[in-house]
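Reviewing the structure listed below.
The residues of the chain are indexed from 1 along the displayed sequence. Quantities reported herein were computed from a predicted structural model and do not represent experimental measurements.
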Amino acid sequence: DQVKQVIAIEKDDELSGFLEKTIQKNNLKNIKIINNDILKVNPEDYQDFKIIANLPYYITGQFLRIFLAHRHQDSFLMLQKEVAQRIVAGPPNHSLLSLSVQFYGHPEILFIVQANNFHPIPKVDSAFIRLTPITYDPINEDYFFKTIKMAFASKRQTLLNNLKRGFQLNKNEIEKILESLNINPQKRAQELSLDDYIKLAKILPH
């Protein structure tokens, strides 16, 4: 009764049927159940929505790639605790996952849900997070994701070496680019901020 419409995506046939009967029994007019796999749903079919999901852990990465790139309001997600902690991490603990998510929104862990709150009890704790959409100055998304992919190509290598190899530039060219942005060439990929990568993506030759 707080919203105009709820669209619930439920893959399980039995549970989907149960939900349909419950809706009819309670004469609820603003809930629509779609018996489908969320990974097969096109977010372009919907506008100006919030995402509220208790995600199966094994589809988290796929789900985020599909839905975060689509313009919508806040997302509220129940995730595996360790995944949530990786998503909210910043320098010096950035990763491809944290940067990929934070490019689209600001993540924060709202609270932890212990494993014993579920039945059957899983082997891991969960975390409930909010992702608040953010916007940047115009930037080519493909350039951004190519930049972070090249930067993280080898975690043991310096940023200088990874970018040199990834963009097929010589050492001096990469050093000049990094120094122009006040980035130490000897840093490693996980030590840079999101803003550092956005600036890099704009200046590197793609």
Side-chain angles (χ1 to χ4, degrees), residues 9 38-39 41 43 46 48-118 121-159 162-163 178 181-184 186-202:
I9 316 294
I38 188 61
L39 299 181
V41 172
Y46 306 96
D48 195 31
F49 57 89
K50 290 184 179 180
I51 295 173
I52 303 170
N54 183 12
L55 290 174
Y57 297 146
Y58 66 92
I59 71 164
T60 298
Q62 291 172 279
F63 175 87
L64 292 174
R65 283 194 294 273
I66 293 170
F67 280 87
L68 286 189
H70 181 78
R71 188 173 182 81
H72 59 269
Q73 299 180 41
D74 290 1
S75 299
F76 297 87
L77 307 173
M78 183 86 78
L79 305 172
Q80 183 176 335
K81 179 182 174 182
E82 288 73 18
V83 173
Q85 289 172 331
R86 286 177 57 206
I87 285 174
V88 303
N93 298 307
H94 258 315
S95 64
L96 281 173
L97 175 62
S98 63
L99 288 163
S100 297
V101 173
Q102 291 175 31
F103 179 75
Y104 294 111
H106 170 70
E108 57 180 318
I109 294 176
L110 299 182
F111 53 85
I112 303 299
V113 183
Q114 303 296 327
N116 59 14
N117 284 290
F118 295 92
I121 298 176
K123 296 180 180 179
V124 296
D125 292 332
S126 297
F128 194 68
I129 73 170
R130 173 168 54 203
L131 286 170
T132 304
I134 51 180
T135 56
Y136 299 100
D137 293 335
I139 178 176
N140 185 303
E141 291 185 18
D142 291 338
Y143 289 0
F144 172 80
F145 285 102
K146 179 181 177 181
T147 299
I148 63 173
K149 183 179 179 180
M150 296 304 178
F152 280 86
S154 178
K155 285 189 175 182
R156 295 185 179 183
Q157 292 289 320
T158 63
L159 187 68
N162 280 338
L163 293 180
L178 293 173
L181 299 174
N182 295 316
I183 298 172
N184 184 341
Q186 297 308 309
K187 280 191 172 183
R188 283 173 168 72
Q190 61 268 26
E191 297 180 272
L192 270 63
S193 69
L194 176 63
D195 285 339
D196 287 334
Y197 280 111
I198 290 173
K199 292 174 183 175
L200 265 176
K202 289 180 178 180

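Pro91 and Ser193 get closest at one heavy-atom pair: CG-CA, 3.9 Å. Nearest heavy-atom pair across Ala189 and Leu159 is CA-CD1, 4.3 Å. The two residues Tyr104 and Glu141 come nearest to each other via the heavy atoms OH-OE1, 2.9 Å. Pairing each heavy atom of Ala115 with each of Pro122, the nearest pair is O-CD, 3.4 Å. Considering every non-hydrogen atom in both Leu131 and Pro107, the closest pair reads CD2-CB, 3.3 Å. Closest approach of Pro43 to Ile66, counting heavy atoms only: CG-O, 3.8 Å.
Here the OH atom belonging to Tyr197 is positioned 9.0 Å from the OG1 atom belonging to Thr147, to the nearest 0.5 angstrom. Interatomic distance, Thr158 OG1 to Leu178 CG, rounded to the nearest 0.5 Å: 9.0 Å. The line from CD1 of Ile87 to OG1 of Thr60 is 7.5 Å long, rounded to the nearest 0.5 Å. A distance of 11.5 Å separates CG in Leu200 from CG in Asp195, rounded to the nearest 0.5 Å. The CG atom of Leu39 lies 9.5 Å from the CZ atom of Arg65; values are rounded to the nearest 0.5 Å. Annotation: the span from Ser75 atom OG to Phe49 atom CZ amounts to 7.5 Å, rounded to 0.5 Å.
Counting only heavy atoms from C-beta outward, the side chains of Leu194 and Leu99 approach each other to under 4.5 Å. For the pair Leu181/Asp196, no side-chain contact is recorded, criterion being any heavy-atom separation below 4.5 Å from C-beta on. By the 4.5 Å heavy-atom criterion applied to side chains, Gln73 and Asp48 are counted as neighbours. Using a 4.5 Å heavy-atom threshold, the side chains of Leu97 and Val83 count as touching. Looking only at side-chain heavy atoms (C-beta outward), Pro133 and Asp74 come within less than 4.5 Å of each other. Using a 4.5 Å heavy-atom cutoff, the side chains of Met78 and Val113 are in contact.
The local environment of NZ in Lys202 is crowded, with over 12 non-hydrogen atoms from other residues, nucleotides or ligands closer than 6.0 Å.
Of the possible polar contacts, none joining the Ser98 side chain to the His94 backbone as a donor-acceptor pair under 3.5 Å is found. Judged purely by atom type and a 3.5 angstrom limit, Asn162 has no side-chain atom pairing as donor or acceptor with the backbone of Phe152. Of the possible polar contacts, none joining the Asp125 side chain to the Gln114 backbone as a donor-acceptor pair under 3.5 Å is found. Side chain of Gln102 to main chain of Ala89: a donor-acceptor pair is present (N/O by atom type, distance under 3.5 Å, no hydrogens or angles). The backbone N or O of Arg188 sits less than 3.5 Å from a side-chain atom of Glu191, completing a donor-acceptor pair.
A parallel orientation is assigned to the rings of Phe67 and Phe63, their planes being inclined by less than 30° (bins at 30° and 60°).
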Apply side-chain contact (heavy atoms from CB on, under 4.5 Å) to Gln85 and Ile109, showing your working.
CA-CA 8 Å; Gln85 289 172 331; Ile109 294 176; 4.2 Å; yes
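Taking the six-membered ring for Trp and the full ring otherwise, the centers of Phe103 and Phe145 sit less than 6.0 Å from each other.
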